[in-house]
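Reckoned from all heavy atoms, side chains included, excluding hydrogens, waters and symmetry mates. If you're wondering where the values come from, they're calculated on a predicted model, not measured in any experiment.
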Amino acid sequence: MSTENEGTAVPPAPSAPPVPVDAPAASAPQASDAGASTTPAPPHASGGAQGPELVHAGPAPAYASAQGQQHGAPGGPEGAWPPPQPPGTPSYADGGAGGGAGAGGDGAGGAGAGGAGPTGVWGAGYQQPAPKPKNGRGGLVAAILVAALVAGGIGGGLGYTLAKNNDNGSSTTLSASDSGGSIKRDSGTVAGVAQKALPSTVTIEAESTNGEGGTGTGFVFDTQGHIVTNNHVVADAVDGGKLTATFPNGKKYDAEVVGHAQGYDVAVIKLKNAPGDLKPLVLGNSDQVAVGDSTIAIGAPFGLSNTVTTGIISAKNRPVASSDGSGSNASYMSALQTDASINPGNSGGPLLDAQGNVIGINSAIQSTSGGGLGGTSQSGSIGLGFAIPINQAKYVARQLIETGKPVYAKIGASVSLEDSTGGAKITTEGAGGSAPVESGGPAAKAGLKPGDVITKLDDHVIDSGPTLIGEIWTHKPGDKVKITYERNGQTHTVDLTLGSRTGDS
């Protein structure tokens, strides 16, 4: 499945979220929204698969449509990275459009993946600002006040008349009874979870040097001020742009990008002058999540900060390929699927379980709209949202905090990006003219050859190139996996130790 970033072109930035009365007003940022195991993919070769459109759940980013035909599988020979997107690579939930996506490995010879599944928009795309009230509002307020005064006069006159007609010389004092006392919200309820988690979430505003940008979401990762979010949420602010994070209490902080992983669609930012009372959200175990488990999503859909929605886990290990719409960048994940309402602006926000533990990062949504941010229409939720499993995101975030760069797993072979249900086929020609199977790489050592069709990675069925890359990127370099493949009508199984590649380029 592939997903699409929220918008193809960055729209005007949305107005800043409302600030509490007792907090200083925040400046209005612009809106626009800025994926899965370890090595970036090389440029595509031919034929990318297409599918339903997915959109980033957060503010719409300035991504364009996806293109590309073939990605080098994670870990091929050195080559351009990230590779071009296959047709139909989805865009991030906060903006953009696309279809299937592929992933490249170490250079042009990296194993690639084809676009599979629906295209979509990133889960946290940027949101276009709401129109500001016009001068006519004063007249409306005056009209409401007049109506209130008239109604008050009528009520007062009626009360006086009734009292006068029923006065028998005695008076009666009426007092309103108390309504049922204080309300207690148990920690296991949605209200209890939201009450505890909201103070540790932020609305992120990213602005590029040319003034374009968008809004997304993030959550507190540690007490040092690190905030985890999506790469596409902060992409506009990476090269000298402006980045801010606003808490639900209205306190706003400048921030800087510590590290970002385009392939995983994970980024870490750090608050400048971070407060000393930060409370990191508790991270759960996404491997233990079951279909049907309750979910709670927090984000800033369409710029509406601190929004809470609920749903369930609809599916696990959903292959999703998302693109920033530029035609060269793609992200891959083996996602958690949820029907909790996720829209542009939700990208980067936490997906919680019923106990309030973070089980994923909201990143993409399926959309029926063909236009992302900057297009003729804004994609929205239809109950198909996708989140990066927290076990993978946690590993990536820690890498970024420690080194500032992501590390991707790779098999060292280039696979077709064509849409298929038969498996991931190792191409006869590598991306960018490189060898389809990297000499001395993991695939070569395991005996894999051009033309082999990989049908399983461990117990996970592989139906396309993008699915293979998403599964590879759920592992770490050095992990041993079992590869099932077909050659000349015969099925074979071989053990393979994953290699590694550092960085997105």
Side-chain angles (χ1 to χ4, degrees), residues 34-44 61 63 68 71-85 92 101-113 226 228-241 256-270 321-324 326-333 361 363 388 392-414 430-432 434 438 440-443 466 469-470 472-479 497-505:
S37 215
T38 53
T39 33
H44 308 308
Y63 300 131
H71 270 60
E78 292 301 324
W81 169 262
Q85 260 179 272
Y92 300 136
D106 227 342
H226 290 110
V228 172
T229 185
N230 281 140
N231 173 73
H232 70 265
V233 170
V234 303
D236 284 328
V238 168
D239 297 320
E256 60 185 354
V257 178
V258 171
H260 60 105
Q262 182 274 321
Y264 291 124
D265 195 25
V266 173
V268 175
I269 66 175
K270 187 174 184 179
S322 297
S323 160
D324 66 1
S326 68
S328 61
N329 299 323
S331 301
Y332 303 86
M333 61 178 125
I361 300 177
S363 300
I388 302 168
Q392 177 183 3
K394 172 176 62 178
Y395 164 71
V396 176
R398 287 173 176 168
Q399 280 183 333
L400 296 177
I401 292 172
E402 292 174 5
T403 69
K405 294 183 179 181
V407 177
Y408 298 88
K410 70 174 186 178
I411 64 170
S414 181
S434 62
E438 176 187 356
I469 290 182
I472 289 174
W473 286 0
T474 62
H475 292 78
K476 303 177 182 64
D479 283 354
T497 301
L498 296 173
S500 68
R501 175 185 175 120
T502 301
D504 281 319
S505 58

(message) Measuring from atom NZ of K394 to atom CD of Q399, what distance do you get when rounded to the nearest 0.5 angstrom?
(response) 13.0 Å

(message) Is it the case that the side chain of N231 and the backbone of H260 share a donor-acceptor pair, with hydrogens and angles ignored and the cut-off at 3.5 Å?
(response) no

(request) Flag the pair K410 / S500 as yes when at least one side-chain heavy-atom distance between them is below 4.5 Å, and no otherwise. (result) no

(request) First locate atom CD1 of I401, then atom NZ of K270, and finally report the distance between them rounded to the nearest 0.5 Å. (result) 9.0 Å

(message) Quick one, V257 with V268, criterion side-chain contact (heavy atoms from CB on, under 4.5 Å). Give me CA distance, side-chain angles, the key distance, then yes/no.
(response) CA-CA 6 Å; V257 178; V268 175; over 6 Å; no

(message) Is there a side-chain contact between V228 and I361 in this structure, where contact means two heavy atoms from C-beta onward sitting under 4.5 Å apart?
(response) yes

(request) Find out whether I411 and I472 are in side-chain contact, i.e. whether some heavy atom of one side chain is under 4.5 Å from a heavy atom of the other. (result) yes

(request) Measure across T497 and P442 and return the closest heavy-atom pair with its distance rounded to 0.1 Å. (result) O-CB, 3.3 Å

(request) Mind checking the CG-CG spacing from D265 to N230? Nearest 0.5 Å is all I need. (result) 4.0 Å

(request) Given side-chain contact (heavy atoms from CB on, under 4.5 Å), test T229 with V234 step by step and report yes or no. (result) CA-CA 8 Å; T229 185; V234 303; 3.8 Å; yes

(request) Spell out, as yes or no, whether a donor-acceptor pair under 3.5 Å connects the side chain of T502 to the backbone of V407. (result) no

(message) Tell me the closest heavy-atom pair linking M333 and I388, and the distance in Å.
(response) SD-CG1, 3.6 Å

(request) Could you tell me the separation between the CD atom of Q392 and the NE2 atom of H475, rounded to the nearest 0.5 Å? (result) 10.5 Å

(request) Taking the side chain as every heavy atom from C-beta outward, state whether I269 and H226 have any pair of such atoms under 4.5 Å apart. (result) no

(message) Is the shortest side-chain heavy-atom distance between L400 and P406 below 4.5 Å?
(response) yes

